[in-house]
*Asks:* 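Before I ask anything, here is the structure I am working with.
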Amino acid sequence: MKLFLLCVLAFASALFAQDQRHVTEPVIPPVCVKLSAELTAQGASLAAADESKLDTARIQHAIDTCAAGHAVELKASGAHNAFLTAPLQLRSNVTLLVAAHTTLFGSRNPRDYDLTPGSCGIVNQKGRGCRAMINGDHAINAGVMGDGTIDGRGEEHLLGQNVSWWDLAQEAKVKKENQNCPRILVLTNCDNFTLYRITLKNSPNFHVSYRNGSGFTAWGVIINTPKTARNTDGIDPGNSTNVTITHCYIHAGDDNVAIKAGSGAPTTHMTISHNHFYTGHGMSIGSETNGGASEILVTDLSIDGADNGLRIKSNASRGGLVHGVVYQDVCIRNTKNPIYMDSDYEHVGRGGPLVPKFTGITFRNIRIEGAGKLTFDGYDAEHRLGMTFDNVTLADPGAIRMTANHADFAFGPGPVNFRPTGEDVNVTGAPGEGSANACSGKFVPLPSR
């Protein structure tokens, strides 16, 4: 009966776990105004003399006065190929378009990002003292598009200081405090928002945070930030519904994608499809799951050289129900933790007020190459990990370590060439015969622009 129920849950998840919209490739809207670059990039940065020459006012004026359904285009002009900005505010029905061979640089002056005087560019207990480089609040039907680049300059020293945004992140880690560093994009209550073809790099903190919205599409986005840059998540949708992240390439220093589910609006109906992840902390759900996360489809994904692969993480201080999650057609190689179901993230211990439970989790057509560790951590006997494995194979089973506890696994109908064991672990079903998921051609280089 338990196997039957798990199989029914897996079938139901496959039917309903996805964005409910019919998502097609976005179209760049007509341009209302073209702004010509007046600065010239010096390698990957700007000349010191140009660091005070902000383009913020003219970009913001163009956004504020652009006709609905149009785009403000930032475009190179001859040798001039760069813009410099402090925080921008997006508006409904207007797209910010960064043209090819054009870079929008973020200011290195922390005072430009202050939420309160002196709150940005420091390390303290409170954190969250910075505005983002690009902000959206109830910006409906808006977007950021183009074949150009938005560079947050996380590796460069703050003006007048001998410390970078990323240095602050490391300092915060050592002191067990919080960094106050800006994100590139923070989008709140922005229904029907689109990111298309844009390259984001070197964010001081998360690259994209999307919260409390319905309808978010990231298509063909490239994120390229070093693995050593702490807390530089790629794309983090949370407390939202009808989200699609597709045809993207994400190289980051933290979660490549992290689906957040803190208290608030439901986190549900998301599709993560046709993507390639490189360094980073993988395809994550959590660590906030106290609001619940459900109906999530991850399909056609490669993960190459990451710290973690497919991960659900939470703990007893922020846990809740995660269910109806389907991972299918995923190829993972050279990843430390290819599968990581973690109900005690950051080791806060058992017995907290918000208990995590991960169940109705389906893995189908998954191939893992190289060494690593699989972790299947249910919280306790009442809050069990429930998973179905259908054609989940290890290329080298001898190179993989495993731990499991408080977990129920259903195997089949496809092959499964490993068997988790541990405290309070049940395995039902019989894996069948069949071919392992073909990963030929799945691993591709990170595109460069």
Side-chain angles (χ1 to χ4, degrees), residues 28 31-64 66 71-90 94-113 120-121 130-135 143-161 164-166 181-186 195-205 207-208 220-226 229 232 249 251 446-449:
I28 294 175
V31 173
C32 62
V33 62
K34 292 184 180 181
L35 299 180
S36 296
E38 297 174 352
L39 305 176
T40 301
Q42 304 292 314
S45 188
L46 290 170
D50 289 338
E51 290 290 353
S52 62
K53 298 177 182 178
L54 291 171
D55 293 292
T56 313
R58 65 185 183 123
I59 297 173
Q60 190 63 62
H61 177 74
I63 292 172
D64 292 344
C66 187
V72 172
E73 184 177 26
L74 309 184
K75 190 174 180 62
S77 177
H80 301 309
N81 59 358
F83 294 78
L84 177 66
T85 191
L88 295 167
Q89 193 72 38
L90 300 174
V94 175
T95 293
L96 178 63
L97 177 62
V98 184
H101 313 299
T102 305
T103 300
L104 175 63
F105 287 108
S107 168
R108 294 193 288 120
N109 183 358
R111 301 290 70 79
D112 288 335
Y113 301 95
C120 190
C130 306
R131 295 184 67 203
M133 182 178 170
I134 301 172
N135 302 268
V144 175
M145 302 185 182
D147 294 316
T149 298
I150 300 175
D151 191 335
R153 309 174 82 189
E155 80 286 13
E156 296 190 50
H157 287 169
L158 309 186
L159 291 184
Q161 301 184 46
S164 72
W165 297 115
W166 295 344
C181 301
R183 302 174 181 185
I184 287 183
L185 272 158
V186 171
L195 292 178
Y196 181 46
R197 293 194 341 218
I198 195 72
T199 294
L200 308 175
K201 62 189 301 185
N202 301 326
S203 183
N205 195 247
H207 289 77
V208 181
V221 175
I222 299 172
I223 293 177
N224 187 8
T225 290
T232 53
Y249 303 81
H251 185 294
L446 178 73
S448 60
R449 287 183 184 166

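Because the structure is a prediction, the values reported are computed rather than measured.
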*Asks:* Looking at Thr225, is its backbone amide N or carbonyl O close enough to the side chain of Asn202 to form a donor-acceptor pair, meaning the two atoms are under 3.5 Å apart?
*Replies:*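 Checked: no pair found.
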*Asks:* Check the pair Ser164, His157 against side-chain hydrogen bond (donor to acceptor under 3.5 Å, both in side chains), reporting the backbone distance first and the verdict last.
*Replies:* CA-CA 4 Å; Ser164 72; His157 287 169; 5.9 Å; no
*Asks:* For Gly106 and Tyr113, which heavy atoms make the closest approach, and how far apart are they?
*Replies:*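 Heavy atoms only, the tightest pair is C-OH, 3.6 Å.
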*Asks:* Determine whether a donor-acceptor pair (N or O, by modelled atom type, separation under 3.5 Å) exists between the side chain of Asn224 and the backbone of Thr199.
*Replies:* no
*Asks:* Can Leu104 and Met133 be said to form a side chain to side chain contact (heavy atoms under 4.5 Å, CB included), step by step?
*Replies:* CA-CA 10 Å; Leu104 175 63; Met133 182 178 170; 3.9 Å; yes
*Asks:* Using modelled atom types and a 3.5 Å cut-off, is there a donor and acceptor pairing between side-chain atoms of Trp166 and backbone atoms of Ser203?
*Replies:*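 The answer is yes, because a donor-acceptor pair under 3.5 Å joins these two groups.
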*Asks:* Would a distance-only check, ignoring hydrogens and angles, find a side-chain to backbone donor-acceptor pair under 3.5 Å from Gln89 to Gln60?
*Replies:* no
*Asks:* Counting only heavy atoms not in His61, do more than 12 fall under 6.0 Å of its NE2?
*Replies:*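 No - once you tally the heavy atoms of other residues, nucleotides and ligands closer than 6.0 Å, there are 12 at most.
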*Asks:* Taking side-chain contact (heavy atoms from CB on, under 4.5 Å) as the criterion, tell me which of Val144, Ile150, Ile198 meets it with Leu185.
*Replies:*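 Only one option passes, and that is Val144.
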*Asks:* Ala41 and Ala82: which non-hydrogen atoms are nearest, and at how many Å?
*Replies:* N-CB, 4.0 Å
*Asks:* Do Thr56 and Leu88 have side-chain heavy atoms sitting under 4.5 Å apart?
*Replies:*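 Thr56 reaches Leu88 side chain to side chain.
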*Asks:* Work out which heavy atom in Ile28 is nearest to a heavy atom in Leu97; give both atom names and the distance.
*Replies:* CG2-CD2, 3.9 Å
*Asks:* State, to 0.1 Å, how close Ser77 and Ser36 come at their nearest heavy-atom pair, and which atoms those are.
*Replies:* CB-CB, 3.9 Å
*Asks:* Sequence neighbours excluded, which residues qualify as salt bridge (Lys or Arg N to Asp or Glu O under 4.0 Å) partners of Arg58?
*Replies:* Glu38, Asp55
*Asks:* Using only the SG atoms, establish whether Cys130 and Cys120 come within less than 2.5 Å of one another.
*Replies:* yes
*Asks:* Sequence neighbours left out, what passes side chain to side chain contact (heavy atoms under 4.5 Å, CB included) with Glu51? Give chain and number order.
*Replies:* Ser45, Leu46, Leu84, Arg108, Arg153, Leu159
*Asks:* Mind checking what makes side chain to side chain donor-acceptor pair (under 3.5 Å) contact with Asp112, not counting sequence neighbours?
*Replies:*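 Result, side chain to side chain donor-acceptor pair (under 3.5 Å) vs Asp112: Ser107.
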*Asks:* Is a donor on one side and an acceptor on the other found under 3.5 Å between the side chain of Thr102 and the backbone of Ala100?
*Replies:*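 Pair found, side chain donor or acceptor close to backbone of Ala100.
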